[in-house]
Amino acid sequence: MNQPAVIEIYTEITPNPESIKFVTNRLLAKDASIDCKDAQAAAEVPLAKELFGFQYVKGVFIANNFVTVSKHPGYDWNDVIPQVKAFLRNYIAEGKPVVSENYVFAAPPQSASNGREGEVESRIRELLDTYVKPAVENDGGAIQFKSFHEGVVTLMLHGSCSGCPSSIVTLKAGIEGLLKRMVPEVREVVAEAM
């Protein structure tokens, strides 16, 4: 697959005031996402590890063609954005790896299902994949189905969604409302604490 010659990087705001999405015209992580909540989690993710070298970086989330950077409070995005854009442009131009050869992508969580519950889980996953995941990814994050048990859907939030002040509103008013309307067996949607 041919990559474009010019490396373009632009930013998109996210609902989380402490996170910005840096979008590039290069594929960084095909069909996977990488969530590094701290420097220790970035040990096998060279791109994230180098980003954690900036004192203002609090978290790094990589998916498809974007990197969402979360900063520590007290830093101004007007100072941070140009530095991160220049870093990413140079990093990509040098052809450095996003992940090390030893990196193991996390498998999606498997939940126990039987009979009717398996059908419900399947409908929930389809709705999340079709309606929720694209919108959440657009905001620089990711959402992952963890389980369905006794009417409760448990999700995991990654990237800009993790720690976002509006994530509870999105979870309850948006996702829970959708799932309750479309899957009557759903009583509640909760996020697993990470």
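Remember, predicted model here, so these are calculated numbers, not experimental data.
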Is the number of heavy atoms from other residues, nucleotides or ligands within 6.0 Å of [atom1] ([X]) greater than 12?
| X | atom1 | answer |
| --- | --- | --- |
| E126 | CD | no |
| K85 | NZ | yes |
| K133 | NZ | yes |

Specify whether F54 and Y56 have parallel, tilted or perpendicular ring planes, treating 30° as the upper limit for parallel and 60° as the lower limit for perpendicular.
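F54 vs Y56 ring planes: parallel.
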
Can you check side-chain contact (heavy atoms from CB on, under 4.5 Å) on I175 and V153, steps first, answer last?
CA-CA 10 Å; I175 300 168; V153 175; over 6 Å; no

Please report the C-alpha distance between V69 and I20 in whole Å, then the side-chain angles of each, then the deciding distance to 0.1 Å, and finally whether the side-chain contact (heavy atoms from CB on, under 4.5 Å) criterion is met.
CA-CA 6 Å; V69 173; I20 292 280; 5.8 Å; no

[atom1]-[atom2] distance between [X] and [Y], expressed to the nearest 0.5 angstrom:
| X | Y | atom1 | atom2 | answer |
| --- | --- | --- | --- | --- |
| I81 | K71 | CD1 | NZ | 9.5 Å |
| L179 | E188 | CG | CD | 12.0 Å |
| E50 | F87 | CD | CZ | 4.5 Å |
| E150 | R187 | CD | CZ | 7.5 Å |
| I34 | L28 | CD1 | CG | 8.5 Å |
| H158 | Q144 | NE2 | CD | 4.5 Å |

Shortest non-hydrogen contact from [X] toward [Y]:
| X | Y | answer |
| --- | --- | --- |
| D129 | P134 | O-CD, 3.4 Å |
| E185 | F148 | O-CZ, 3.8 Å |
| C36 | F52 | O-CZ, 3.5 Å |
| L51 | V57 | O-CG2, 3.2 Å |
| W77 | P82 | O-CD, 4.2 Å |
| Y131 | A135 | O-CB, 4.1 Å |

Please lay out, stage by stage, how L127 and V132 fare under the test side-chain contact (heavy atoms from CB on, under 4.5 Å).
CA-CA 7 Å; L127 288 167; V132 178; over 6 Å; no

For [Y], does its backbone N or O pair with a side-chain atom of [X] as donor and acceptor, under 3.5 Å?
| X | Y | value |
| --- | --- | --- |
| E176 | V189 | yes |
| K21 | E137 | yes |
| N65 | T24 | yes |

Any donor-acceptor N or O pair under 3.5 Å, side chains E18, S70
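No, no side-chain donor-acceptor contact under 3.5 Å.
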
Would you say [Y] ends up clustered with [X] if hydrophobic residues are merged whenever their side chains have heavy atoms under 4.5 Å apart, either directly or through other cluster members?
| X | Y | result |
| --- | --- | --- |
| L88 | V60 | yes |
| M182 | L128 | yes |
| L157 | F66 | no |
| F22 | I13 | yes |
| V67 | I9 | yes |

